[in-house]
Protein chains: 2
Amino acid sequence: MTSHDASPAAPGAPGPRPMRADAVRNRAKVLDAARAAFAAEGLAVPLDEIARRAGVGAGTVYRHFPTKEALFEAVIADRLLALAGDAESRLADDGVDAGEAFFGFFFALIEDAEAKADLAEALMAAGVHLQPETRHAAGRLTGGFSRLLERAQRAGAVRGDVTVTELHALVVGAMAAEKRAAGEPGKMTRIIADGLRA
Amino acid sequence: MTSHDASPAAPGAPGPRPMRADAVRNRAKVLDAARAAFAAEGLAVPLDEIARRAGVGAGTVYRHFPTKEALFEAVIADRLLALAGDAESRLADDGVDAGEAFFGFFFALIEDAEAKADLAEALMAAGVHLQPETRHAAGRLTGGFSRLLERAQRAGAVRGDVTVTELHALVVGAMAAEKRAAGEPGKMTRIIADGLRA
DNA sequence: GGGCAAACGGGGCGCTCGTTCCGTTTACTT
DNA sequence: AAGTAAACGGAACGAGCGCCCCGTTTGCCC
């Protein structure tokens with residue numbers, strides 16, 4: 001819930017002015033509405049609709065986020081950080097072997113994206129022109145995933161000729177396949193995972 | 001090149017009136033321009049752009065195709081028929097075994113879609129509200145693919161717990177993965193294909 | 001409680017794009 | 001060669017949507 005912070009910049013040091021109470025409240029309402037709306041319909045949802053659901057005017061949204069894209073990224077950055085945290089905690093867990101940890105995350109990642117249209121879209125997008133905050137979050141996720149992959153490869157659980165970039169592409173592919181196949185959730189992902197085993 | 005036919009309806013029997021010469025010419029020009037434009041940019045290309053490339057006015061496009069969607073489908077139906085023909089000819093070829101035939105088509109299908117943004121989009125789309133002609137073409141493709149799959153499964157080359165629908169989903173997934181991964185074309189598809197083997 | 005800057009909100013602008021309309025041109029007929 | 005209906009083309013319409021402007025409201029400080 002990092003994005004529920006009151007101030008968009010310089011949270012610790014008291015900057016020029018503290019935010020007004022209603023502004024803080026509205027920022028949170030917009031963010032919550034955006035989360036729900038983007039998750040349900042992806043970037044396609046009109047900004048006016050988000051404003052309406054948040055109970056504010058469109059102008060208010062634009063005071064807090066310079067552009068629709070920026071609002072989208074604010075939502076996405078949160079999700080990416082959560083996923084990065086998941087990867088890192090699996091990495092730290094000594095109870096499961098490398099292969100299990102890797103595939104566990106692989107499945108969790110795709111399952112999560114399935115329920116969040118925006119995340120899927122964000123991962124599919126080329127990812128150009130990202131704000132620094134988003135870029136950092138994406139980097140942390142990639143880093144964690146990369147270490148999970150390496151460990152699993154060293155353990156002989158995953159074929160050695162796959163890079164993180166290719167893995168990312170396969171995740172996108174699995175999400176696309178999963179969305180297309182109605183019955184038996186996770187089956188497409190399982191097939192693709194089988195193709196990844198050594 | 002079935003769509004280069006002069007008359008949209010009743011080609012054999014002389015209907016109400018034969019088409020005027022310039023109309024025939026323009027229809028073909030529109031179809032060619034649409035083919036190129038849709039292949040390059042998918043459905044996103046504006047209709048005015050297609051008209052411009054074809055050297056006609058937008059109104060002319062609409063006399064031949066009631067809607068942009070209909071024009072799109074006219075292009076897609078051709079592609080689907082060509083693919084169905086490919087599947088059928090592989091089916092008829094006794095020189096290759098069932099597994100080879102299946103995977104050969106699998107790779108060909110994805111490679112083809114890679115070069116044609118519109119085909120990829122069409123396969124990804126839910127496919128609701130299709131014109132009868134398109135529905136028929138899609139059915140023929142699915143039928144051929146289905147027989148290739150069955151034969152390969154019976155031969156033990158492909159895992160038995162996959163249906164045509166799921167296969168379709170995996171094709172879409174492979175296309176998505178392939179588009180996302182820059183280097184070494186076909187690698188993502190090969191990994192997914194490995195997941196499909198028995 | 002009064003003053004003031006910050007925040008609000010929604011009407012409106014500008015752009016894109018699918019579709020239609022209609023005055024003009026062009027191919028066929030006799 | 002003249003008449004006619006089919007076909008043309010591009011200006012114009014309308015809908016959707018991102019974004020901005022500005023008159024009004026509201027929280028904050030003295």
Side-chain angles (χ1 to χ4, degrees), chain A residues 5-10 14-34 37-38 40-75 118 121 125 129 131, chain B residues 5-10 14-34 37-38 40-75 118 121 125 129 131:
Chain A
D5 285 347
S7 41
R17 312 264 162 221
M19 242 173 140
R20 238 170 64 174
D22 56 345
V24 174
R25 217 178 314 124
N26 278 332
R27 185 187 162 87
K29 283 198 294 185
V30 167
L31 229 19
D32 280 338
F38 282 142
E41 307 185 47
L43 241 183
V45 61
L47 194 136
D48 288 17
E49 166 73 14
I50 294 176
R52 211 176 46 70
R53 286 206 214 182
V56 303
T60 300
V61 175
Y62 278 96
R63 183 155 321 90
H64 290 292
F65 303 94
T67 198
K68 184 189 181 183
E69 187 84 6
L71 173 59
F72 183 73
E73 285 201 30
V75 168
D118 54 353
E121 272 182 38
H129 303 321
Q131 291 173 271
Chain B
D5 284 349
S7 40
R17 312 258 164 227
M19 242 171 138
R20 237 169 65 173
D22 55 346
V24 174
R25 217 177 314 124
N26 280 332
R27 184 186 163 87
K29 283 199 292 184
V30 167
L31 227 22
D32 279 339
F38 282 141
E41 306 185 48
L43 239 185
V45 61
L47 193 138
D48 287 18
E49 167 73 15
I50 295 177
R52 211 178 46 70
R53 287 205 213 181
V56 304
T60 299
V61 176
Y62 277 93
R63 183 156 318 91
H64 290 291
F65 303 92
T67 197
K68 185 188 180 185
E69 189 83 7
L71 173 58
F72 184 73
E73 286 200 31
V75 168
D118 54 353
E121 272 182 38
H129 303 320
Q131 293 173 268

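Numbered from 1 within each chain, the chains take letters A, B, ... in sequence-line order.
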Rounded off to whole Å, could you give me the [atom1]-to-[atom2] distance for the [X] and [N] pair?
{"X": "B/Glu41", "N": "C/dC17", "atom1": "CD", "atom2": "C1'", "answer": "14 Å"}
{"X": "B/Arg25", "N": "D/dG9", "atom1": "CZ", "atom2": "P", "answer": "11 Å"}
{"X": "B/Met19", "N": "D/dA6", "atom1": "CE", "atom2": "P", "answer": "13 Å"}
{"X": "B/Arg53", "N": "D/dG9", "atom1": "CZ", "atom2": "C1'", "answer": "19 Å"}
{"X": "B/Glu49", "N": "C/dT19", "atom1": "CD", "atom2": "P", "answer": "17 Å"}
{"X": "A/Asp22", "N": "D/dT24", "atom1": "CG", "atom2": "C1'", "answer": "14 Å"}
{"X": "A/Asn26", "N": "C/dA6", "atom1": "CG", "atom2": "P", "answer": "17 Å"}
{"X": "B/Leu71", "N": "C/dT19", "atom1": "CG", "atom2": "P", "answer": "10 Å"}

Looking at [atom1] of [X] and [atom2] of [Y], how far apart are the two atoms once the value is rounded to the nearest 0.5 Å?
{"X": "A/Arg63", "Y": "A/Arg27", "atom1": "CZ", "atom2": "CZ", "answer": "12.5 Å"}
{"X": "B/Arg52", "Y": "B/Ile50", "atom1": "CZ", "atom2": "CD1", "answer": "11.0 Å"}
{"X": "A/Gln131", "Y": "A/Phe72", "atom1": "CD", "atom2": "CZ", "answer": "12.0 Å"}
{"X": "A/Arg20", "Y": "A/Arg25", "atom1": "CZ", "atom2": "CZ", "answer": "10.0 Å"}

Can you tell me if [X] touches the phosphate of [N], counting only side-chain N or O atoms and a distance under 4.0 Å to OP1 or OP2?
{"X": "B/His64", "N": "D/dA7", "value": "no"}
{"X": "B/Tyr62", "N": "C/dT19", "value": "yes"}
{"X": "A/Thr60", "N": "C/dG9", "value": "yes"}
{"X": "B/Thr67", "N": "C/dG18", "value": "no"}

Quiz item: Can you name the closest pair of heavy atoms from B/Thr67 and B/Tyr62 and give their distance?
Solution: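 Taking every non-hydrogen atom into account, CA-CE2, 4.1 Å.
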
Practice problem: Let me know, please, whether A/Gly57 or B/Lys68 comes out on the 5' side of the other along DNA chain C by nearest nucleotide. | Solution: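 In this pair, the answer is A/Gly57.
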
Exercise. Look at all strands and tell whether A/Ala58 reaches a base, only sugar-phosphate, or nothing, counting heavy atoms closer than 4.0 Å.
Key: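 The answer is base, as A/Ala58 lies within the cut-off (heavy atoms under 4.0 Å) of a base atom.
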
Quiz prompt | Residue B/Ala21, side-chain atoms from C-beta onward, closest of C/dC28, D/dG18, C/dC17 | solution =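 So the nucleotide nearest the side chain must be C/dC28.
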
Practice problem: Select one nucleotide: of C/dT19, C/dA7, C/dC28, the one nearest the side-chain heavy atoms of B/Leu47. | Solution: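 My answer, after comparing the listed nucleotides, is C/dT19.
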
Quiz item: DNA chain D: B/Arg20 or B/Gly55, which has the more 5' nearest nucleotide?
Solution: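 The residue mapped nearer the 5' terminus is B/Arg20.
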
Practice problem: Give a yes or no on whether a donor-acceptor pair under 3.5 Å exists between the nucleobase atoms of D/dA7, that is its base, and the side chain of B/Arg63. | Solution: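 Flag unset: no donor-acceptor pair detected.
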
